[in-house]
There are 2 protein chains.
Amino acid sequence: MTATERSTRDRLLDAFETLLVTAGSRAATLDAVAAQAETSKGGLLYHFHSKDELVEGMLDRLRSQGAADAARMKTAKQGPVDYYLTTSVNSGSDFDRALIAAGRIAQESDSRATAALADLRNGWFTVLREHLDDEALARTIQLIGDGLYFDDTTGLAEKSAVKHVRTILRRLDVLP
Amino acid sequence: MTATERSTRDRLLDAFETLLVTAGSRAATLDAVAAQAETSKGGLLYHFHSKDELVEGMLDRLRSQGAADAARMKTAKQGPVDYYLTTSVNSGSDFDRALIAAGRIAQESDSRATAALADLRNGWFTVLREHLDDEALARTIQLIGDGLYFDDTTGLAEKSAVKHVRTILRRLDVLP
DNA sequence: GTCTATACTTCGATAGAC
DNA sequence: GTCTATCGAAGTATAGAC
């Protein structure tokens, strides 16, 4: 097995996330996930005994990705605010996909997914709050990030959005 | 029939929206919608011949609610910006419910729902843009509204969020 | 560790009684 | 205009061959 090969388990999680993001939770069936991962339903159910376990596996992976992201944000060259804005736009990264996928699950009023997302957001907010030392500003910037993220995940994204936000943040002396 | 009674058709649309908002699209089945509206599946399918027609009916109602909202925003006593912020938080109104429900459908990559939401957003943006005469500011405020809306619909809402936003908008001389 | 076959359930939709 | 009964397709999950 070479380093570029993904384990079947990871390919299944990838497939689940991809279906959630591109077609929504109704389309993310076990059949569809198995097909997308190019394996069988039996193969899927060996790794994850139920759909619920598939969700758990996805959220576990998200949590570890999220911890790494908050660390990167803290030490980003361009500063936490710019890093946060840039990464709030869906760049198609694995982390973005996992994040959007978890959002889809959260909307089915799944408390595990909601809790995982809340933890992530708290991590980002803590970094923003420490860096800016301004509660109102940190909250507002987080809302802008949420807006960018939401627009991206609903097909409502406006290309120049981040540019406009930078303009306003310069007026507030947050960005140079 | 008294004025307070809602027609079966409207009760069905209400039920569909409620299920979409509170439990997500997977839970909004024809059986569940009929039960929530306290009628039968046969009754539902008399008014809407398919699930697709149910979606169309919901989006039609959303569009007329949306046109009324943009008009209210334009002439709001407190000004369009404050009106927009206040109404970006889910107050539990019929319009909020319709909006969130359409968002759920849009995420199943339904182009009709996405288009309806894009139209609504364009209406709001036009009012913001005219009132502020500042593209960057209008876009940023719209993103903040999207963030407020997103947080509310995902169970991530922060109570003091709008207060903090007002603080920042005063710094930008947008609010008094 | 992965596959096929299959059991059981729920979904969307139709038919026809009232 | 609303109901029950029912169908075929699709959903989750299990059993067992390989």
Side-chain angles (χ1 to χ4, degrees), chain A residues 1-61 101 104-105 107-110 112-113, chain B residues 1-59 61 101 104-105 107-113:
Chain A
M1 175 158 113
T2 70
T4 54
E5 273 179 50
R6 260 186 134 96
S7 67
T8 301
R9 196 192 136 90
D10 269 321
R11 277 191 298 111
L12 285 163
L13 291 176
D14 293 348
F16 185 41
E17 289 175 358
T18 298
L19 284 164
L20 282 170
V21 170
T22 59
S25 52
R26 270 181 59 200
T29 66
L30 298 186
D31 277 299
V33 171
Q36 173 85 22
E38 292 178 308
T39 181
S40 68
K41 221 196 297 201
L44 189 168
L45 286 163
Y46 168 77
H47 290 282
F48 304 97
H49 297 3
S50 67
K51 198 171 184 181
D52 227 59
E53 278 191 23
L54 197 56
V55 172
E56 302 265 20
M58 189 186 80
L59 294 178
D60 283 343
R61 219 172 57 163
R104 304 286 199 240
I105 299 293
Q107 290 186 343
E108 319 265 306
S109 60
D110 180 306
R112 299 162 302 173
Chain B
M1 174 158 115
T2 71
T4 54
E5 273 178 49
R6 258 186 135 95
S7 68
T8 301
R9 197 192 135 92
D10 269 320
R11 277 191 298 113
L12 285 163
L13 291 176
D14 292 348
F16 185 40
E17 288 175 359
T18 298
L19 284 164
L20 282 170
V21 170
T22 61
S25 53
R26 269 179 64 211
T29 66
L30 298 186
D31 278 298
V33 171
Q36 171 87 20
E38 291 179 307
T39 182
S40 67
K41 219 198 297 201
L44 189 167
L45 286 161
Y46 168 77
H47 290 282
F48 304 97
H49 298 1
S50 68
K51 198 171 186 183
D52 227 59
E53 279 191 23
L54 196 57
V55 172
E56 301 264 21
M58 189 187 80
L59 294 178
R61 219 172 57 162
R104 303 286 199 242
I105 299 293
Q107 290 186 343
E108 317 267 306
S109 60
D110 180 307
S111 56
R112 298 162 304 171

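This one's a predicted model, so the numbers in the text were calculated from it and none came from an experiment. By convention in this document, chain letters (A, B, ...) are assigned in the order of the sequence lines, proteins followed by strands, and residues within each chain are numbered from 1.
- Under the rule for a side-chain hydrogen bond (donor to acceptor under 3.5 Å, both in side chains), the partners of B:Ser25 that lie at least two apart in sequence or sit in another chain are B:Glu108.
- Partners of A:Thr39 by side-chain hydrogen bond (donor to acceptor under 3.5 Å, both in side chains), not counting sequence neighbours: none found.
- In this structure, A:Phe48 atom CZ and D:dT12 atom P are separated by 15 Å, rounded to whole Å.
- Counting heavy atoms from C-beta outward, B:Phe16 and B:Leu44 have side chains that stay 4.5 Å or more apart.
- The salt bridge (Lys or Arg N to Asp or Glu O under 4.0 Å) analysis of residues 12-21 of chain A, with sequence neighbours excluded, yields the pairs A:Arg6-A:Asp14, A:Asp14-A:Arg61, A:Asp14-A:Arg97, A:Glu17-A:Arg61, A:Glu17-A:Arg97.
- One interatomic measurement links the two molecules: OH of A:Tyr46 to C1' of C:dT2, which rounds to 9 Å at whole-angstrom precision.
- Rounded to whole angstrom, the span from the NE2 atom of B:His47 across to the C1' atom of D:dC3 amounts to 12 Å.
- The distance between atom CD of A:Glu38 and atom P of C:dC3, rounded to the nearest whole Å, is 11 Å.
- By the salt bridge (charged side-chain N to carboxylate O under 4.0 Å, His left out) test, A:Arg112 is found to be paired with A:Asp52, A:Glu56, A:Asp110, residues two or more places apart in sequence or in another chain being considered.
- Taking atom CD of residue A:Glu53 and atom P of nucleotide D:dT12, one finds them 15 Å apart after rounding to whole Å.
- Considering only side-chain atoms of B:Thr39, the nucleotide from D:dC3, D:dT2, C:dT2 that sits closest is D:dC3.
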Sugar-phosphate or base contact per nucleotide [nucleotides 12-18 of chain C; S, B, -; heavy atom under 4.0 Å]: BBB----

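- Listed by first and then second residue, the salt bridge (Lys or Arg N to Asp or Glu O under 4.0 Å) pairs that reach into residues 23-34 of chain B are B:Asp31-B:Lys41, sequence neighbours excluded.
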